[in-house]
Structures are given as structure tokens and as C-alpha cells.
Amino acid sequence: MTDNVSLPIGTWRGVSFAVAQIDVLRAAEDLLVVGMLEKDVAGAHRGGAEAIDHALHGTLSRLREGGIFTGGFGETLMLTRPPAPIRAATLMLIGMGASLTGDPEVVGALTGLAMQAALRIGAASVGCLLGWSELDLPAPLVAPSAAAMMRGALAAIDAQEQQAASIAWTFDIRNGAAAHTTTALREALAAWR
Amino acid sequence: MLTRVSSGRVPARGTTPIRILLVDDHMLLREGVRAVVSTQDDMEIVGEAGGGAEAIREFARLQPDLVLMDLQMADMSGLDAITAIRAATPNARIIVLTTYSGDGRAIKALRAGAMGYLLKASLRNQLLEAIRSVHHGGKHLDASVATAIALHVLDEDLTEREVSVLTLAAWGNSNKQIAARLALSEETVKGHMKALFAKLGASDRTHAVTIAAKRGLIEL
């Protein structure tokens with residue numbers, strides 16, 4: 001479940017994309033994808049990841065601090081059956097490395113990882129909260145980052161041999177650039193066709 | 001024309017089934033897991049073992065992509081088997097499938113190299129998700145176990161000596177008897193007990209034993 005404002009992007013091989021600010025406590029998605037850095041950066045946004053960590057009384061932070069999940073780039077940890085108040089069926093943590101580089105291709109690679117996981121587990125609904133979408137990105141980086149996210153997702157879909165089951169995929173956007181991001185995502189999808 | 005596969009899941013191009021070694025000393029459990037896996041196009045059970053030592057031999061012989069490992073087995077614990085397999089094959093992918101939800105065994109298993117930790121009470125789909133996630137290099141935990149781990153992963157570990165002392169206490173030994181068995185002074189045993197109470201947040205020795213057993217820090 002997402003906030004009221006959900007902007008549709010389009011569909012590719014059974015996957016319907018949208019943009020919205022996801023309420024991580026209300027979201028009853030099959031899969032919630034959350035990006036985590038190796039260490040929190042002072043003053044930086046943690047957005048959805050922080051909300052989930054708070055709801056789970058610091059579980060995510062302590063797993064990272066204890067070395068169970070380090071946050072290294074591309075590392076993944078699936079948590080099935082998260083406790084209340086989280087309503088999503090599965091949480092997927094994705095390591096984003098030491099820092100947010102702002103490199104669009106890095107965003108794309110991690111989005112691809114998330115899509116691969118969604119396809120593997122047969123998720124019907126996915127909320128994707130990667131850190132970049134929460135940043136106050138410089139305007140020139142918004143469109144390239146959004147396009148890279150879409151390309152990463154589409155490449156993962158196309159790597160599958162057969163038609164994916166129907167997936168409702170929502171990119172979480174909370175940096176105030178939803179309209180700009182939506183346009184870039186739509187253009188990237190159109191260019192992929 | 002694109003079509004759905006029978007399992008409802010979409011294999012990536014050019015993939016072969018995930019070859020799984022199943023390790024559990026209960027045949028009924030093995031039969032159940034085999035039945036679940038056999039419904040999937042992208043995975044297969046290539047071997048079974050009823051104990052830790054056999055698991056190590058079968059892993060070396062079959063070189064499976066992934067191992068489903070019980071922890072409590074008669075001849076050798078799953079933890080020791082994980083350690084041995086990972087020592088020989090550092091990139092071996094192992095998922096623990098156990099009845100134990102306590103953090104102690106889970107932390108030990110993950111630190112020994114297990115990449116997944118699931119409870120036998122897990123749903124069928126959770127097992128299949130875990131197999132696929134771990135095969136692709138990810139980690140997979142039951143969230144209730146993750147929560148238990150998170151509560152204690154930053155705690156100071158019990159030392160081997162403290163575990164020995166508490167295990168003997170659990171079997172009804174007095175401090176004097178524990179001291180005699182471990183060739184320590186009674187004062188030293190009292191010191192270990194005091195440290196145990198502090199680490200476990202226990203009010204007395206019975207409380208300490210209860211906490212440690214529940215968390216899987218001692219074997220009874």
C-alpha cells in the first residue's frame with residue numbers, strides 16, 4: 001500500500017511500474033526493498049530504511065553493527081515474516097556500500113538486483129526504497145538516476161527466459177522530485193521498447 | 001509466445017537446476033522437504049545425509065550448489081559440519097533448517113558461514129525463497145530469528161569456560177562440584193557465575209540456565 005499519490009509509469013512484460021512515497025508501515029507488499037549503507041552518514045537522509053529500522057526497534061542497525069549484514073555494495077539479506085507493525089511479507093536489505101556516490105549506473109545495478117529477487121520469489125507487489133530516491137539530488141542527476149533505475153529493472157526482467165507473473169512495482173520517491181522522476185522513468189521505459 | 005513455468009516462478013536464461021544436499025537425521029523431514037523441492041523446476045535434491053559426518057562426505061562427493069542443514073544430529077552437530085564444509089569449500093552455500101529459534105545457535109551458524117537460517121515451522125514458500133536467494137549469493141533469515149539475533153548480537157560472548165560452568169550448573173552441580181570437575185577453585189567458579197549473571201541479565205543461577213538454554217547458548 002502506498003500514499004494516495006501514485007503516478008503510473010507504464011508496463012513491461014507483466015511488470016507495472018509506478019512512483020509514490022511509500023508508507024513503510026502501511027505497505028502490505030509482498031516485498032519491500034530497502035537500501036542500507038555500511039554506516040550511517042551524519043546528517044544524511046535514511047528515509048524509508050530509518051522508518052523500518054525504527055519500527056523494528058533498531059533491528060536493522062544492530063544486524064549491521066553485529067556483522068550479520070554489513071551493507072557492503074550488492075550484499076542482500078532477505079527477512080521473511082517481519083513482525084508487526086511491518087505488514088510487508090518480506091523485507092530485502094540491499095547493501096549500498098560506503099557512501100551514496102550519486103552514480104546513476106550504481107543505482108541501476110542495485111535496482112536490477114532488487115528486480116531479480118522479486119522475480120525469483122514470485123512477488124506480486126514490490127516497494128523499492130533505495131537511498132538515491134530520497135536524496136536531494138542535484139537537478140541534473142535526477143533524470144539520469146531515474147533512467148538508470150528503470151534500465152536496471154528492465155534488464156533484469158529481460159534476463160528472464162519467460163514472461164514474469166504480474167508485478168506491481170513502486171519506486172519510492174521522497175525527494176520532492178516525483179514529477180521530474182516520473183517523466184524520466186517514463187522516457188527510459190519508452191526508449192527501452 | 002511467452003509462457004509461465006509450472007512453479008509460477010521465472011528461471012533466468014541458461015540456468016540449470018539448483019543442486020541441493022539435504023542433511024537431517026529425521027527421514028520424515030527429509031521426505032517432506034524432498035516433496036516440496038520436487039514441485040519446482042529450478043531445483044533438485046541430489047543427495048541426502050542423516051548426520052554431520054555423512055554430510056561432509058556427501059558434500060565432497062556431490063559438490064552440490066547448496067546444503068540444507070539441520071543443527072541437532074547424533075554423530076556431529078550441524079554447526080561442526082558447517083565449519084568443516086566451509087573450511088574445505090569457503091564458498092559453500094548453506095542454509096540452516098532447524099527447530100531452534102534462539103539467537104545463540106543462529107549467530108554461531110551465521111558466523112561459521114551459513115547464509116540462511118530458517119525454522120522448520122517455516123512455510124513452504126519461505127523455504128523455496130531462501131533456497132533461491134542464497135543460491136544467488138544473498139543471505140536469508142526468518143525475521144523472528146533476525147530480531148532475536150539483533151537483540152544480542154552486540155552482547156559480549158560467553159567464554160568456553162563460562163559455558164562449561166553453566167552447563168554443569170544446569171545439571172544440578174553446586175559451585176564446589178563444578179570447581180572439582182573443572183579443576184578450579186570454588187572462588188573462581190563464583191567469579192564465572194557472577195560474570196554469567198551480568199552477561200545474561202540473570203538474577204540467579206536458575207534464571208541464568210533458563211536464559212542460556214532458551215537462547216541456545218548451552219546444550220542440555
Side-chain angles (χ1 to χ4, degrees), chain A residues 13-15 30-32 52-53 55-70 72 74-84 86 88-95 113-124 155-167, chain B residues 1-15 18 40-43 95 101 103 106-107 109-111 114-119 121-155 157:
Chain A
R13 297 186 66 191
V15 181
D30 289 342
L31 179 65
L32 265 190
I52 291 174
D53 197 26
L56 295 178
H57 309 291
T59 291
L60 304 187
S61 298
R62 284 201 295 273
L63 288 177
R64 183 180 58 186
E65 205 173 333
I68 302 299
F69 175 78
T70 66
E75 182 184 7
T76 62
L77 173 62
M78 304 286 275
L79 298 177
T80 52
R81 298 191 300 180
I86 302 297
T90 300
L91 284 180
M92 177 187 189
L93 307 185
I94 294 188
L113 273 181
M115 180 60 79
Q116 287 168 18
L119 292 165
R120 267 201 311 274
I121 70 172
I157 295 168
D158 283 356
Q160 306 303 306
E161 196 167 44
Q162 293 160 313
Q163 172 77 48
S166 176
I167 299 177
Chain B
M1 179 74 180
L2 299 168
T3 55
R4 292 280 308 278
V5 295
S6 59
S7 60
R9 180 214 53 80
V10 194
R13 286 187 179 131
T15 55
I18 304 166
Q40 303 299 300
D41 303 322
D42 61 330
M43 56 185 75
I95 297 173
S101 59
D103 66 286
I107 290 173
L110 293 169
R111 288 184 173 156
M115 295 177 73
Y117 197 95
L118 282 184
L119 303 180
S122 297
L123 301 176
R124 170 183 176 280
N125 282 348
Q126 291 170 322
L127 173 63
L128 299 174
E129 281 180 29
I131 290 171
R132 292 180 180 120
S133 298
V134 169
H135 179 245
H136 281 80
K139 292 179 180 173
H140 197 113
L141 298 179
D142 184 284
S144 64
V145 175
T147 303
I149 290 172
L151 282 173
H152 297 292
V153 71
L154 302 179
D155 293 354
D157 290 338

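All chains are named by letter (A, B, ...) in the order of the sequence lines, taking the proteins before the strands, and each is independently numbered beginning at 1. Bear in mind the structure is a predicted one, so any value in this text is a computation, not a measurement.
- Side-chain contact between A:T90 and A:D30 is absent, with no heavy-atom pair separated by less than 4.5 Å.
- Taken from CZ in A:R81 to OG in B:S122, the straight-line distance is 5.0 Å, to the nearest 0.5 Å.
- Of the two parts of B:L154, only the side chain, counted from C-beta on, holds a non-hydrogen atom closer than 4.5 Å to a non-hydrogen atom of chain A.
- If you measure heavy-atom distances from A:L56 to chain B, you find no contacts under 4.5 Å at all.
- Each of B:T147, B:L118, B:V134 has some count of heavy-atom pairs under 4.5 Å with chain A, and the biggest count is that of B:T147.
- For B:L128, no part sits under 4.5 Å from any heavy atom of chain A, backbone or side chain.
- Contact check for B:H140 versus A:T80: side-chain heavy atoms found under the 4.5 Å cut-off.
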For the pair B:Q40 and B:R132, evaluate side chain to side chain donor-acceptor pair (under 3.5 Å) and give the outcome as yes or no after the intermediate values.
CA-CA 11 Å; B:Q40 303 299 300; B:R132 292 180 180 120; 2.5 Å; yes

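- Proximity to chain B (any heavy atom under 4.5 Å) is restricted, for A:E75, to the side chain, taken from C-beta onward.
- Between B:E129 and B:R124 there is no side-chain heavy-atom pair separated by less than 4.5 Å.
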